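Single-structure report; data block below.
Only this structure's heavy atoms are used, side chains among them; waters, hydrogens and symmetry mates stay out. Remember, it's a predicted structure, so these values are computed and weren't measured experimentally.
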Amino acid sequence: MNREVEVVVTGVGAVTCHGAGADTLWRAMTAAGTRLPDRPADPLARMDLPLISLVPDPDLTAERATRFASLAAAEALADAGLDAASLDTARTAVVLGSCMGEPGPNERGRGDGDWSPPFRLAAALAAELGLFATVHDIANACAAGAYALGIAADLVRAGEAEIVLAGGSDAYSRVALGCFNRLGAVDPERCRPFEKDRAGTVFAEGAGVLVVESAAHARARGALPQDPGAPEGPDRALRLAGVAWSCDADHPTAPRPDGEQIVRAMREAVGDAAHEVGCVVPHGTGTRLNDVLESRALRQVLGERTAHVPLYSLKALLGHCGGASAALAAVAAALILRHGAVPPNVPLKEQDPECEVLLPQGAAVPLPASARRVLVNAYGFGGNNASLVLAAGPGPREGGDRR
């Protein structure tokens, strides 16, 4: 592993309940509207709260997660200026995270047909693109998309790949929805992170895919300036400046009450540049414990700046996209950096006083020139924690360690 290899993000793609496309996501982010979840047309979804924010597509029996990943990847490749021919000439990998993989075929009817392996999203995407490549499906719950991006960075730094399609995808799953109903973890209204009277989360469909690339390869193909010291500009490639993982090893579903490992992942991701973090896209699920714990952990990492660093609560806009949530949060972080502003959050009725974080309402907040980094957090069942940092502008030195 060569940590002096600089890793950049050169393209992004998204599919959400607001429709396909990163531009569509950005318009929804800036509009800051409240979207109520859907009730899927599934007669077998016999549960108290069958609520989920669906991607606009009525066919629940199709292989939705696979299709969402394909659409997001095609957009990310176009955004990066890559095509099939350029992928053929590079060392390429595909890494996708998911909570449920591709549940569609196994959940048709009562699930009494032939069973097929659900975690095959990365393999399906590689096959679609005609790639003979390193392929990884990541399945560690709601942190999977962040782990996928971390593995992508490791593949680039290890010299195993020059280009990695990385991210996550999740689609409607009756099993997942039923499990969260049995856990009593579904909010009857919508996903409302940091609200005083929040009562759980609400799932959503979606996919986020990013093109992760070595800076040297991106520069050689003209996606970055030839001069390493030249500013790339707000609309060009972004650096994957830090990635860190940790594990609570404490409880199957709940985070450790002291938040020690959550703090550890954040601190390792931001390194000595906590003062340059200009925005946080939190995990923020809307569950009672998670939001308070993450708010306290942020205060340990950012210190007094916590009161002044804006959070963008993506799940309030989309719902909880499971294993795709961190990948979509990274796409949102990239859009924030490209546009140089943090959009207003979906309006809060009343913020939980135990969540002492800044959630801007009503108007966008410009990113200061001195704070062009966005911290993204992701946590999952099994104590899986991950944090990553996207940064705009050139690095401190060519080939330097950005963590």
Provide the closest heavy-atom pair for [X] versus [Y] in the form atom of the first, atom of the second, distance.
X: Met100; Y: Glu107; value: CE-OE2, 4.4 Å
X: Ala22; Y: Glu75; value: N-OE2, 2.8 Å
X: Val55; Y: Glu205; value: N-OE1, 2.8 Å
X: Pro343; Y: Ile336; value: CD-CG1, 3.9 Å

Which donor-acceptor pairs under 3.5 Å do side chains of residues 356-365 form with protein atoms, sequence neighbours excluded?
unit_1	atom_1	unit_2	atom_2	d
Gln361	OE1	Leu348	N	2.9
Gln361	NE2	Leu359	O	3.0

Would you call [X]-[Y] a salt bridge at under 4.0 Å N-O?
X: Arg264; Y: Glu268; result: yes
X: Glu63; Y: Arg67; result: no
X: Arg64; Y: Glu102; result: no
X: Glu189; Y: Arg198; result: no
X: Arg338; Y: Asp79; result: yes
X: Asp137; Y: Arg120; result: no

As a test of understanding, state which of Leu311, Val342, Leu337 forms a side-chain contact (heavy atoms from CB on, under 4.5 Å) with Cys279.
Val342

For Val212, the option from Leu149, Val8, Val95, Thr10 that meets side-chain contact (heavy atoms from CB on, under 4.5 Å)
Leu149

Tell me which donor-acceptor pairs under 3.5 Å the side chains of residues 127-136 have, and how far apart each pair is, sequence neighbours excluded?
unit_1	atom_1	unit_2	atom_2	d
Glu128	OE1	Ser70	OG	2.9
Glu128	OE2	Ser70	OG	2.7

Determine whether the aromatic ring centres of Tyr379 and Tyr147 lie less than 6.0 Å apart.
no

Given 3.5 Å as the limit, does a donor-acceptor pair link the side chain of [X] with the main chain of [Y], or not?
X: Ser86; Y: Leu82; answer: no
X: His339; Y: Ala341; answer: no
X: Gln351; Y: Phe194; answer: no

Any idea how Phe180 and Phe203 line up, ring-wise: parallel (<30°), tilted (30 to 60°), or perpendicular (>60°)?
perpendicular

Can you tell me if Ser98 and Asp170 form a side-chain donor-acceptor pair at under 3.5 Å?
yes

So, Ser214 versus Glu162: side-chain donor-acceptor pair below 3.5 Å or not?
no

Under the side chain to side chain donor-acceptor pair (under 3.5 Å) criterion, do Asn385 and Ser246 qualify, and how do the steps go?
CA-CA 5 Å; Asn385 309 309; Ser246 68; 3.2 Å; yes

At what distance, to the nearest 0.5 angstrom, does CG of Leu298 lie from CG of Leu375?
6.5 Å

Once rounded to the nearest 0.5 Å, what's the spacing between atom OG1 of Thr92 and atom CD of Glu160?
13.0 Å

With a sphere of 6.0 Å drawn around CZ of Arg182, does it hold more than 12 non-hydrogen atoms of other residues, nucleotides or ligands?
no

Tell me whether Asp197 at atom CG has more than 12 heavy atoms from other residues, nucleotides or ligands lying less than 6.0 Å away.
yes

